[in-house]
Amino acid sequence: MKPRVRFAPSPTGYLHIGGARTALFNWLYARHTGGTFVLRIEDTDAARNSQEAVDVILNGLRWLGIDWDEGPITGDATGPSKGDHGPYFQSQRKENYQRRIEALMSRDLAYKHADGTIKFRMTREPILIPDLVVGDVLRPLTDREEADPDWVLVRSDGQPVFHFVNVVDDLEMGITHVIRGEDHLSNTAKHIALFRAFGVEPPKYAHIPLILNADGSKMSKRDKGASLTSYLDDGFLAEAVNNYLCLLGWSPKDNLEKMPLADVVERFDLPQILRHNAKFDYEKLTWLQGEYCRELAPDRFYELGVHAFAKAGIDTNKLDVHYVKAALDTCRGKIKTFAELPAYAGFYFTDVIIYDGEAAQKSFVPENKPRLEKVREAFGKLPAFDAASIEAALKATAAELGVKVGILIHPTRLATTGHPHGPSLYHLLEVLGKDEVLARIEKAAKKF
RNA sequence: GACCCUAUGGUCUAGCGGUUAGGACAUUCCCCUUUCACGGGAAUAGCCCGGGUUCGAUUCCCGGUAGGGUCGCCA
């Protein structure tokens, strides 16, 4: 029998990075085994559910390239879905829960409590949780559970609780492997007891370690980087985030780091999942991002670049396409995230150059003024203003003045871009064009 | 408070009853170079502690410590 796995998020308005990894691991397992990946929306808490909140999840998964074989097609709970185990929204599965409750009550495995709730007659014995990642875990009752082992299945307002609906859905959807965060490990005893009450053997469990903040604390909603969307907003590439997530809690061995998803699918399996939590390392993600960014297809680099500028309030669509493309070309291989782009190359799209203070102190010194004027003069005489000619002119001028070319390069870069670092000077000057370059140098020379 | 999980450089990890404990990120230095980035080279840094088992433990067992999780009419 082919595995059936599921990702069952609750629509809270954001997709936690740990949730995204859980989805990814489920997806990887399904793809590795040729099984089925089901997406189910646990919208039992009507108070905080909305279609927008579901869309955040759907869009997040889609951005990562995680597709589901069964599940909703839109964020609308009553909208279309694919798969024959629907509905895939818990809010639409109420009859199932009602039926299951009645079945339990008819056999006295559940009962109506004095405060209006329906409770489950929980086993008093320790429960063995066989886990594909952690191994066998024997879970006795805690002292509080000892005092009152039975737990609520249906609230007094008639709403069934998570532990109950989760199990009913897994059962009815034919889920064979439950791959989820380790925060559910202890609760699995409840789930196993319920499955048995329904007369079926529970699915296989694989509890994966959690993702922690860099300081080791739990990553909660407000922490930086907790929301998957924040990576999209910060200009990260889905393939980089995906690749990084694969490396947290799972290892391909062989000293591999950067690897195509297809290779991960081939190698991925449950036993290799690590048992300990992992701290999120933003630096390493950024490194991977840089690797992927460097080899981006030109069209995609251009598209993402334009988008990044637009987000920074720079509308490049009004400008000459060739100019924008040429400008972006000089940034390839230089930046790691697109969020850096406006600061890195914004000088292409503004008339107001703001000179870096520290660099200005170094470069805009009296002896450089005549040098800069000499450079401007040399540039002015160039019949063709291309990178090669610019380089030659700069070198010739340096030779004429008896200085190293670097002496000329730094003030020229600062005068034309405002920054001490940036794209190749020769190429960026070519893109800027002769008139603009001469104007910028002249303007800068007046500053000191 | 009870119960559960975990423990290799700062971080992610490989590994093993006997290894010079391997790789990657980060850090530092050198080379390359028009800056930065890339690339190449080098360096710093690790088996949580205490017992046991064993000829020999980073590796197996127990305890401790630390971190994380769970014990809801949240999911």
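Nothing here was measured: the structure is a model prediction, and the numbers come from that model. Each chain gets a letter, A, B and so on, in the order its sequence line appears, and its residues count up from 1.
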*Asks:* Which is true for H276(A) with a 4.0 Å heavy-atom rule: it touches a base, it touches only sugar-phosphate, or it touches nothing?
*Replies:* sugar-phosphate
*Asks:* Can you tell whether the side chains of E146(A) and R124(A) come within less than 4.0 Å, N to carboxylate O?
*Replies:*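 Salt bridge: no.
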*Asks:* Need the pair for G18(B). Rule: Watson-Crick or G-U wobble, both distances under 3.5 Å, any strand; none if unpaired.
*Replies:*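 WC or wobble partner is C55(B).
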*Asks:* Examine the base of A14(B) for any acceptor or donor lying under 3.5 Å from a partner atom in the side chain of K253(A), and report the outcome as yes or no.
*Replies:*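 Counting by modelled atom types and ignoring angles, no donor-acceptor contact under 3.5 Å is found here.
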*Asks:* Across all strands, who's sitting opposite A66(B) as a Watson-Crick or G-U wobble pair, both distances under 3.5 Å?
*Replies:*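 Matched A66(B) with U6(B) under the 3.5 Å cut-off.
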*Asks:* Could you tell me whether G181(A) contacts a base, only the sugar-phosphate backbone, or nothing, with contacts defined as non-hydrogen atoms closer than 4.0 Å?
*Replies:*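 Nothing, no heavy atom under 4.0 Å.
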*Asks:* Looking across every strand, which nucleic acid part, if any, lies under 4.0 Å from P423(A) by heavy atom: base, sugar-phosphate, or nothing?
*Replies:* base
*Asks:* Which one is paired to C36(B), where only Watson-Crick or G-U wobble pairs with both distances under 3.5 angstrom count?
*Replies:* none
*Asks:* Applying a 4.0 Å non-hydrogen cut-off, can you work out what Y344(A) is touching in the nucleic acid: base, sugar-phosphate, or nothing?
*Replies:*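 Base contact.
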*Asks:* By nearest atom, which of the nucleotides C5(B), C38(B), A24(B) is closest to the K336(A) side chain?
*Replies:* C38(B)
*Asks:* Only pairs with both distances under 3.5 Å count, Watson-Crick or wobble alike; so what is the partner of C29(B) in this structure?
*Replies:* G41(B)
*Asks:* Once hydrogens and angles are ignored, does a donor-acceptor distance under 3.5 Å link the base of U34(B) to the side chain of S424(A)?
*Replies:* yes
*Asks:* Counting the benzene-type ring for Trp, do F120(A) and W151(A) have ring centres under 6.0 Å apart?
*Replies:*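 That pair passes the under 6.0 Å test.
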*Asks:* What's the closest nucleotide to the side chain of K284(A) if the choices are C12(B), U34(B), C5(B)?
*Replies:* C12(B)
*Asks:* Paired with C47(B) by Watson-Crick or G-U wobble geometry, both distances under 3.5 Å: which nucleotide is it?
*Replies:*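 Checking every strand shown, C47(B) finds no partner, since no pair has both distances under 3.5 Å.
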*Asks:* Just how far, in rounded Å, is C1' of C36(B) from CZ of R332(A)?
*Replies:*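 Going from CZ in R332(A) over to C1' in C36(B) covers 17 Å.
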*Asks:* Pick one: which of R196(A), H163(A), H184(A) meets side chain to side chain donor-acceptor pair (under 3.5 Å) with H191(A)?
*Replies:*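 The passing option is H163(A).
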*Asks:* Side chain of H163(A), base of A75(B): donor and acceptor closer than 3.5 Å?
*Replies:*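 By the distance-only test, yes, there is a pair.
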*Asks:* Compare the minimum distances between each of G23(B), A26(B), G69(B) and the side chain of N255(A), then state the nucleotide with the smallest one.
*Replies:* G23(B)
*Asks:* Just the rounded figure in Å: distance from P of C38(B) to CZ of R294(A).
*Replies:*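 Nearest whole value for this atom pair: 6 Å.
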*Asks:* For the pair N59(A) (side chain) and D55(A) (backbone), establish whether a donor and an acceptor sit closer than 3.5 Å, ignoring hydrogens and angles.
*Replies:* yes
*Asks:* Can you find a donor-acceptor N/O pair under 3.5 angstrom joining the side chain of D131(A) to the base of C5(B)?
*Replies:* no
*Asks:* Any donor-acceptor pair under 3.5 Å joining the side chain of S156(A) to the base of C73(B)?
*Replies:*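 Present.
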*Asks:* Once you apply a heavy-atom cut-off of 4.0 Å, does L274(A) come out as touching a base, just sugar-phosphate, or nothing?
*Replies:*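 Contact class for L274(A): sugar-phosphate only.
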*Asks:* Does T286(A) reach the main-chain N or O of Y282(A) with its side chain, forming a donor-acceptor pair under 3.5 Å?
*Replies:*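 Yes; judged by distance alone, with no hydrogens or angles, the pair exists.
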*Asks:* For RNA chain B, what residues of residues 394-419 of chain A have any heavy atom nearer than 4.0 Å?
*Replies:*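 Going residue by residue through residues 394-419 of chain A, the ones with a heavy atom under 4.0 Å of RNA chain B turn out to be I409(A), H410(A), R413(A).
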*Asks:* Applying a 4.0 Å non-hydrogen cut-off, can you work out what L425(A) is touching in the nucleic acid: base, sugar-phosphate, or nothing?
*Replies:*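 Since a base atom lies under 4.0 Å of L425(A), the category is base.
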*Asks:* Spell out, as yes or no, whether a donor-acceptor pair under 3.5 Å connects the side chain of D356(A) to the backbone of L414(A).
*Replies:* no
*Asks:* Do any N or O atoms from the side chain of D223(A) and from the backbone of S220(A) form a donor-acceptor pair under 3.5 angstrom?
*Replies:*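 Yes: the side chain of D223(A) pairs with the backbone of S220(A).
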*Asks:* Do the ring planes of Y231(A) and F280(A) sit parallel (below 30°), tilted (30 to 60°) or perpendicular (above 60°)?
*Replies:* tilted
*Asks:* Give one of base, sugar-phosphate or nothing for E257(A), where a contact means two heavy atoms less than 4.0 Å apart.
*Replies:* base
*Asks:* Tell me which nucleotide, if any, is Watson-Crick or G-U wobble paired with A24(B) when both distances must be under 3.5 Å.
*Replies:*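 Paired with A24(B), as far as the under-3.5 Å criterion goes, is U11(B).
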*Asks:* So what does D115(A) hit on the nucleic acid, given a heavy-atom distance under 4.0 Å: a base, only sugar-phosphate, or nothing?
*Replies:*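 If one applies the 4.0 Å heavy-atom cut-off, D115(A) turns out to touch a base.
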*Asks:* Find the distance R21(A):CZ to C12(B):P and express it as a whole number of Å.
*Replies:*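 The answer, rounded to whole Å, is 12 Å.
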*Asks:* Whole Å only: how far is the CG atom of D215(A) from the C1' atom of G68(B)?
*Replies:* 12 Å
*Asks:* If I take atom CZ in residue R139(A) and atom P in nucleotide G69(B), what distance separates them, rounded to the nearest angstrom?
*Replies:* 15 Å
*Asks:* Please give, in whole Å, the distance from C38(B) P to E291(A) CD?
*Replies:*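 Value for this atom pair: 8 Å.
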*Asks:* With heavy atoms under 4.0 Å as the rule, sort H184(A) into base, sugar-phosphate or nothing.
*Replies:* base
*Asks:* Whom does C71(B) pair with, Watson-Crick or G-U wobble, provided both distances fall under 3.5 Å?
*Replies:*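 Result: G1(B).
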*Asks:* Angle class for the Y29(A)/H177(A) ring planes (parallel below 30°, perpendicular above 60°, tilted otherwise)?
*Replies:*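 If you compare the ring of Y29(A) with that of H177(A), the planes turn out tilted.
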*Asks:* Of the options U70(B), G68(B), G22(B), whose atoms approach the side-chain atoms of N277(A) most closely?
*Replies:*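 Minimum distance to the N277(A) side chain belongs to G68(B).
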*Asks:* Reckon K218(A) touches a base, only the sugar-phosphate, or nothing at all at heavy-atom distances under 4.0 Å?
*Replies:* sugar-phosphate
*Asks:* Can R100(A) and E172(A) be counted as an ion pair, charged N to O under 4.0 angstrom?
*Replies:* yes
*Asks:* Counting any heavy atom closer than 4.0 Å, what does N187(A) reach on the DNA or RNA strands: base, sugar-phosphate only, or nothing?
*Replies:*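 Contact class for N187(A): base.
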*Asks:* NA contact type, S251(A), heavy-atom cut-off 4.0 Å: base, sugar-phosphate, or nothing?
*Replies:*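 If one applies the 4.0 Å heavy-atom cut-off, S251(A) turns out to touch the sugar-phosphate alone, with no base involved.
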*Asks:* May I have the distance from E340(A) (atom CD) to U35(B) (atom P), rounded to whole angstrom?
*Replies:* 19 Å
